[in-house]
Amino acid sequence: LKFEAINGFVKVLNSQELILRPSEAGEMTLIAKSGDEEINRFTFKVMPVPPAKVFLAQIDDVNANPLDLKDPILVPDKLYIIAKPDQSFANFVPKESVYEVTGVDVTVYEKGRTVAKATFSSGELDMTKLKAKSGTGVQITVNAMLRKKGDGEVEPAPITTPYIGFFVK
């Protein structure tokens, strides 16, 4: 058997598994052939990949605990930007819903002016570099995020909520 795809590509893993990679949302068609003769054709709808949401967290031994930023917070030595995939997407295709934050800017403000800045290449933020103290404001901008696909390839992922701000207790 041979396989072809319209509006995407197909990769044969073994006699029972294929990877279908749509090139865009809409429809994709998989064509099964024996030699040059078409045996069957499957057309299905393709939804766009839903964006992940980012949030600020502290990590204990097991869990990433989202921080409630409505009120000022005590700033630990490390904070983490966590990228959480859409839950239904993660349930349906868990190998396609792995995200990694790869670019973050952090700015500390005091009395309306910038007092410290740092850039991080991951979601792990070393807050000791910034010396944020009580009463200062912290603005975090998530600049870059990647999504790992099920076949190991990575692609840039959209960031729908790139700004996180809070005040220090």
Side-chain angles (χ1 to χ4, degrees), residues 3-14 16-32 40-107 118-127 130 137-168:
F3 297 95
E4 295 177 4
I6 298 172
N7 194 21
F9 81 93
V10 59
K11 179 179 178 181
V12 179
L13 296 179
N14 56 47
Q16 297 191 3
E17 290 183 298
L18 306 172
I19 292 178
L20 303 177
R21 178 83 56 214
S23 55
E24 59 186 42
E27 284 188 348
M28 180 176 176
T29 301
L30 175 65
I31 302 166
N40 213 336
R41 179 180 285 245
F42 306 93
T43 299
F44 48 93
K45 293 195 181 303
V46 176
M47 301 293 291
V49 174
K53 295 201 180 337
V54 294
F55 64 90
L56 188 63
Q58 284 183 284
I59 295 182
D60 60 24
D61 293 336
V62 179
N63 299 311
N65 303 306
L67 292 171
D68 181 0
L69 302 176
K70 291 180 193 134
D71 295 317
I73 65 168
L74 293 172
V75 178
D77 289 347
K78 291 204 184 292
L79 287 173
Y80 298 85
I81 303 293
I82 305 296
K84 184 175 182 186
D86 175 85
Q87 193 61 54
S88 61
F89 181 68
N91 290 342
F92 189 65
V93 283
K95 291 181 181 177
E96 294 281 329
S97 57
V98 178
Y99 292 85
E100 179 184 0
V101 174
T102 57
V104 180
D105 290 328
V106 180
T107 305
T119 297
F120 299 93
S121 59
S122 75
E124 182 177 322
L125 311 178
D126 180 357
M127 298 303 290
L130 295 162
V138 178
Q139 175 70 48
I140 298 170
T141 305
V142 181
N143 298 314
M145 184 166 53
L146 297 174
R147 181 175 73 89
K148 185 177 179 184
K149 300 178 186 181
D151 60 5
E153 290 183 35
V154 294
E155 68 179 8
I159 304 161
T160 57
T161 52
Y163 304 108
I164 300 169
F166 62 90
F167 286 98
V168 179

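Below, all heavy atoms of this structure are taken into account, side chains as well, without hydrogens, waters or symmetry copies.
In this structure the side chain of Val106 reaches within 4.5 angstrom of the side chain of Leu130, judged on heavy atoms. Taking the side chain as every heavy atom from C-beta outward, Thr29 and Phe42 never approach each other to under 4.5 Å. Side-chain contact check for Leu20 versus Phe44: some heavy-atom pair is nearer than 4.5 Å. The shortest side-chain heavy-atom distance between Leu69 and Leu56 falls under the 4.5 Å cut-off. Residues Pro72 and Val168 fail the side-chain proximity criterion, which asks for heavy atoms closer than 4.5 Å.
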TODO: Could you walk me through whether Leu79 and Phe166 pass side-chain contact (heavy atoms from CB on, under 4.5 Å), step by step?
DONE: CA-CA 12 Å; Leu79 287 173; Phe166 62 90; 4.0 Å; yes
- [ ] Evaluate the criterion side-chain contact (heavy atoms from CB on, under 4.5 Å) for residue pair Leu67 and Gln58; output intermediate values, then yes/no.
- [x] CA-CA 7 Å; Leu67 292 171; Gln58 284 183 284; 3.4 Å; yes
Open item on the list: Does Met127 form a side-chain contact (heavy atoms from CB on, under 4.5 Å) with Asp77? I'd like the steps, not just the answer.
Closed with: CA-CA 5 Å; Met127 298 303 290; Asp77 289 347; 6.0 Å; no
Open item on the list: Under the criterion side-chain contact (heavy atoms from CB on, under 4.5 Å), I'd like the reasoning laid out for Phe3 against Ile31: C-alpha separation, chi angles, the key distance, then a yes or no.
Closed with: CA-CA 6 Å; Phe3 297 95; Ile31 302 166; over 6 Å; no
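Of all the heavy atoms in Ala25 and Met47, the pair that sits closest is CB-C, 4.2 Å. The minimum heavy-atom distance linking Ala52 with Thr160 is given by the pair O-OG1, 3.9 Å. Across Ala57 and Phe55, no two heavy atoms sit closer than the pair CB-CE1, 3.8 Å.
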N/O donor-acceptor pairs under 3.5 Å from side chains in residues 137-151, not counting sequence neighbours:
from   : atom 1 : to     : atom 2 : distance (Å)
Asn143 : ND2    : Asp105 : OD2    : 2.8
Arg147 : NE     : Glu155 : OE2    : 3.2
Arg147 : NH1    : Glu96  : O      : 2.7
Arg147 : NH1    : Glu96  : OE1    : 3.1
Arg147 : NH2    : Glu155 : OE2    : 2.7
Lys149 : NZ     : Glu155 : OE1    : 3.4
Asp151 : OD1    : Arg21  : NH2    : 3.3
Asp151 : OD1    : Glu153 : N      : 3.1
Asp151 : OD2    : Arg21  : NH2    : 3.1

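Remark: Asn65 CG to Ile59 CD1 distance equals 8.5 Å, nearest 0.5 Å. Rounding to the nearest 0.5 Å places CD1 of Ile6 at 9.5 Å from CG of Leu30. Rounding to the nearest 0.5 angstrom, the gap separating the OH atom in Tyr99 from the CG atom in Asp86 is 8.0 Å. With values rounded to the nearest 0.5 angstrom, Tyr80 atom OH is found 9.0 Å from Leu125 atom CG. Here NZ of Lys84 is found 11.0 Å from OG of Ser97. Values are rounded to the nearest 0.5 Å. To the nearest 0.5 Å, atom CG of residue Asn7 and atom CD of residue Glu27 are 8.5 Å apart.
For Phe9, the CZ atom is densely surrounded, since the number of other residues' heavy atoms within 6.0 Å is greater than 12.
Shown here are the salt bridge (charged side-chain N to carboxylate O under 4.0 Å, His left out) partners of Lys78, two or more places apart in sequence or in another chain: Glu124.
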